[in-house]
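Written out below as structure tokens is the structure these notes cover.
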Amino acid sequence: MTNILCIGAGYVGGSTMPIIASHCPQHRFVIVDINDARIAAWQSDQLPIYEPGLDEIVHQTLGKNLFFSTEINRNIAEADIIFVSVNTPTKMFGQGAGRAADLQYWEKTARQILENSTSSKIVVEKSTLPVRTAEAMERILNSNGNGLHFDVLSNPEFLAEGTAVHDMQNPNRVLIGGRETEAGQKAIESLVEIYAHWVPRERILTTNLWSSELSKLVANAFLAQRISSINAISALCERTEADVNEVANAIGRDARIGSHFLRASVGFGGSCFKKDILNLVYLCEHYGLPEVAQYWEQVVTMNEYQETRFAANMVTSMFNTVAGKRIALFGASFKANTNDTRESPALEVCRALLAEQADIVITDPHAMENACYDLKELATRVVFEPDPYIAARSAHAIAILTEWRQYTELDYEKIHHSMVKPAFIFDGRNLLDHKRLYKLGFNVYPIGKPPLTHSLINHS
Ligand SMILES: NC(=O)c1ccc[n+]([C@@H]2O[C@H](COP(=O)([O-])OP(=O)(O)OC[C@H]3O[C@@H](n4cnc5c(N)ncnc54)[C@H](O)[C@@H]3O)[C@@H](O)[C@H]2O)c1
């Protein structure tokens, strides 16, 4: 039996470790966190994160070979392999503020591992980290004077929230980076063996440490770049009466381009894309590559433009004022099937409309609690309403900000009847049947397509 510890019971630690535990019943898994409430929630009926399929896996393994705990020091001492999945947000102070990764949580963890270890261990970076962080981790860990040896591996997590269970059960690749020394290769093999319980060997890629660390940043930069690329084109489509869905379909048929991740929208969100690109930008600047840094920074700038443009379009379309108008925001999470609201475009649109003195009602099937927390400084100015029908009642407009399937199944005729006329729908996800909505009497504003408006409306 191997004792496997994961430090950090957030989205990554909490969703990956139960799945690994379910495939490796012979090993013992403990997940620890400094956040007592989070650890308690993982052991309750109300898990702290919403992720389809995760409840069953946690309940299958909990108390058998999976344990949650706040006793970090003791569990470090007992562990053979330690995954570190603490948060690495953008640094908001001092050198590199607004760009570099804030490594304080990560470094505290490294020192805590050092202080509490009485045997040699493999330490696995699961958090997303700047390239060459493992070097610093090795230096801290191997500064012990008692002959212990630590092998540091990089094993970045590629799961997407909302499909985390599926992604983890059927990964298109698992990436493990390590030192090219004998000890490093042995450590890599130990981790390969764990994943090989359910992942075909040819999907387990092994590389040097720096390629592995950098690949995670590059993967997120490329994914976000595709969204910003199609969103840039959506703005041009709106000026030229081209239809961005038709353009995406036409270009996506080229196998060199591919059809995935070409959906125009109000913008990307989530805790990772912006932070990881800014981290990449910072690294490029640090290594004296300003042109490369500027190239990638534009992906973030484009995303901010798309969010701002969406909110501004709402205001101009509604006769240049939304002051005192009730507007229902459908969706608060940054994408469907998660309760994560970090960097959600919905919250950016909300803030922009509040600045225009609109009366905002937010509805979401799973993310209301997080949205309420994120908007706490504006809480008195926002109504949180779980029922979308009630949210839309007496509203001038609805904005679709998360692609929850539930929103495709609503009775929009009933909703239209309950709204102030003329009634507007701004579909930030191109989710709904726009022609049908138009026939029901709505003025419909999709992304990257001509709006469908009734004649009284001046949308110039
Ligand atoms: N969320 C994603 O979809 C995703 C995907 C891939 C990679 N990542 C990366 O994984 C890392 C974690 O992301 P997340 O979304 O799970 O973050 P998170 O904020 O949800 O979770 C991090 C957890 O670490 C805990 N923590 C912080 N310092 C600690 C310490 N010293 N000891 C014990 N626990 C500590 C926090 O309390 C928190 O619960 C980040 O580097 C992120 O970039 C995230």
Side-chain angles (χ1 to χ4, degrees), residues 5-18 30-42 47-51 54 68-76 79 82-91 100-116 123-131 133-134 137 140 154-168 171 173-175 212-213 215-221 223-224 268-280 333-335 337-344 370 373-374:
L5 175 66
C6 175
I7 302 180
Y11 280 83
V12 168
S15 57
T16 58
M17 289 301 135
V30 180
I31 310 178
V32 292
D33 204 293
I34 41 174
N35 183 334
D36 299 3
R38 226 173 204 191
I39 289 298
W42 279 112
L47 300 188
I49 67 171
Y50 172 70
E51 197 59 57
L54 187 61
F68 288 90
S69 170
T70 49
E71 285 183 66
I72 302 176
N73 294 348
R74 181 174 60 80
N75 281 295
I76 287 175
I82 302 179
F83 286 85
V84 182
S85 70
V86 301
N87 36 330
T88 51
T90 302
K91 193 177 174 198
D102 182 349
L103 297 177
Q104 60 171 308
Y105 308 101
W106 168 86
E107 184 169 336
K108 272 184 204 137
T109 307
R111 292 187 186 281
Q112 205 170 358
I113 294 174
L114 176 64
E115 279 160 25
N116 292 286
V123 176
V124 185
E125 297 176 342
K126 203 137 202 47
S127 301
T128 304
L129 293 160
V131 59
T133 303
M137 188 143 202
I140 293 174
S154 160
N155 172 221
E157 186 46 61
F158 292 106
L159 66 80
E161 286 179 26
T163 53
V165 172
H166 175 267
D167 297 349
M168 200 53 199
R173 85 296 208 191
V174 166
L175 180 59
S212 174
E213 288 180 329
S215 295
K216 174 63 194 177
L217 294 181
V218 174
N220 275 354
L223 290 169
F268 61 73
S271 64
C272 294
F273 281 179
K274 182 175 169 189
K275 135 178 120 59
D276 292 349
I277 293 172
L278 292 176
N279 190 346
L280 185 66
S333 57
F334 82 93
K335 68 195 295 205
N337 298 320
T338 176
N339 62 342
D340 194 347
T341 52
R342 292 178 290 182
E343 301 289 340
S344 175
N370 283 339
Y373 178 81
D374 291 343

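Whatever order the structure lists them in is the order used to number ligands and atoms, beginning at 1. Residue numbers run from 1 in the order of the sequence given.
The shortest N/O to N/O separation between R38 and ligand 1 falls below 3.5 Å. For a threshold of 3.5 Å applied to N or O pairs, the pair formed by Y11 and ligand 1 contains at least one separation below that value.
Which of T128, N220, L217, T338 comes nearest to atom 7 (C) of ligand 1 through a heavy atom is settled by distance: it is T128. For atom 8 (N) of ligand 1, the nearest non-hydrogen atom from the set V12, V32, N35, T16 belongs to V12. The option with the heavy atom closest to atom 22 (C) of ligand 1, from among N87, T109, L159, is N87. Considering only non-hydrogen atoms, atom 40 (C) of ligand 1 lies nearest to T88 out of T88, L129, L103.
Screening I277, D276, L278 for a side-chain contact (heavy atoms from CB on, under 4.5 Å) with K274, the sole residue that qualifies is L278.
With a 4.0 Å cut-off on non-hydrogen atoms, R342 touches ligand 1 through its side chain and not its backbone. Proximity of A164 to ligand 1, defined as any heavy-atom pair under 4.0 Å, is not found for any part of the residue. Both the backbone and the side chain of S127 come within 4.0 Å of ligand 1, counting heavy atoms alone. Here D340 has no heavy atoms under 4.0 Å from ligand 1, in either its backbone or its side chain.
Atoms of ligand 1 found under 4.0 Å from any heavy atom of E161 (numbered from 1 in listed order, with element): 1 (N), 2 (C), 3 (O). For ligand 1, the atoms sitting less than 4.0 Å from at least one non-hydrogen atom of C272 are 2 (C), 4 (C), 8 (N), 43 (O), 44 (C), numbered in the order shown with element in parentheses. Within ligand 1, the atoms closer than 4.0 Å to a non-hydrogen atom of S85 are 12 (C), 22 (C), numbered from 1 in the order shown. Those atoms of ligand 1 that come under 4.0 Å of a heavy atom in E157, given as number and element, are 6 (C), 7 (C). Atoms of ligand 1 lying under 4.0 Å from at least one heavy atom of I72, given by number and element, are 32 (N), 33 (C).
Of the protein's heavy atoms, K275 NZ, 2.6 Å lies nearest to atom 43 (O) of ligand 1. Shortest contact from atom 34 (N) of ligand 1 to any protein heavy atom: I34 N, 3.4 Å.
Below 30°, between 30° and 60°, or above 60°: for F68 and W42 the angle between ring planes is below 30°, a parallel geometry.
At least one side-chain heavy atom of L5 sits under 4.5 Å from a side-chain heavy atom of I7. Taking 4.5 Å as the limit, some side-chain heavy atom of Y11 sits within range of a side-chain heavy atom of N339. The shortest side-chain heavy-atom distance between N220 and L223 falls under the 4.5 Å cut-off. Looking at T16 and S85, their side chains never come closer than 4.5 Å, going by heavy atoms from C-beta outward.
Taking CG of D167 as the start and CG of L159 as the end, the distance is 6.0 Å to the nearest 0.5 Å.
A donor-acceptor contact shorter than 3.5 Å is absent between the side chain of N87 and the backbone of P89. At least one donor-acceptor pair closer than 3.5 Å links the side chain of N155 to the backbone N or O of L175. Between the side chain of T88 and the backbone N or O of T128, at least one donor-acceptor pair lies under 3.5 Å. For the pair S127 (side chain) and L129 (backbone), a donor-acceptor distance under 3.5 Å is absent.
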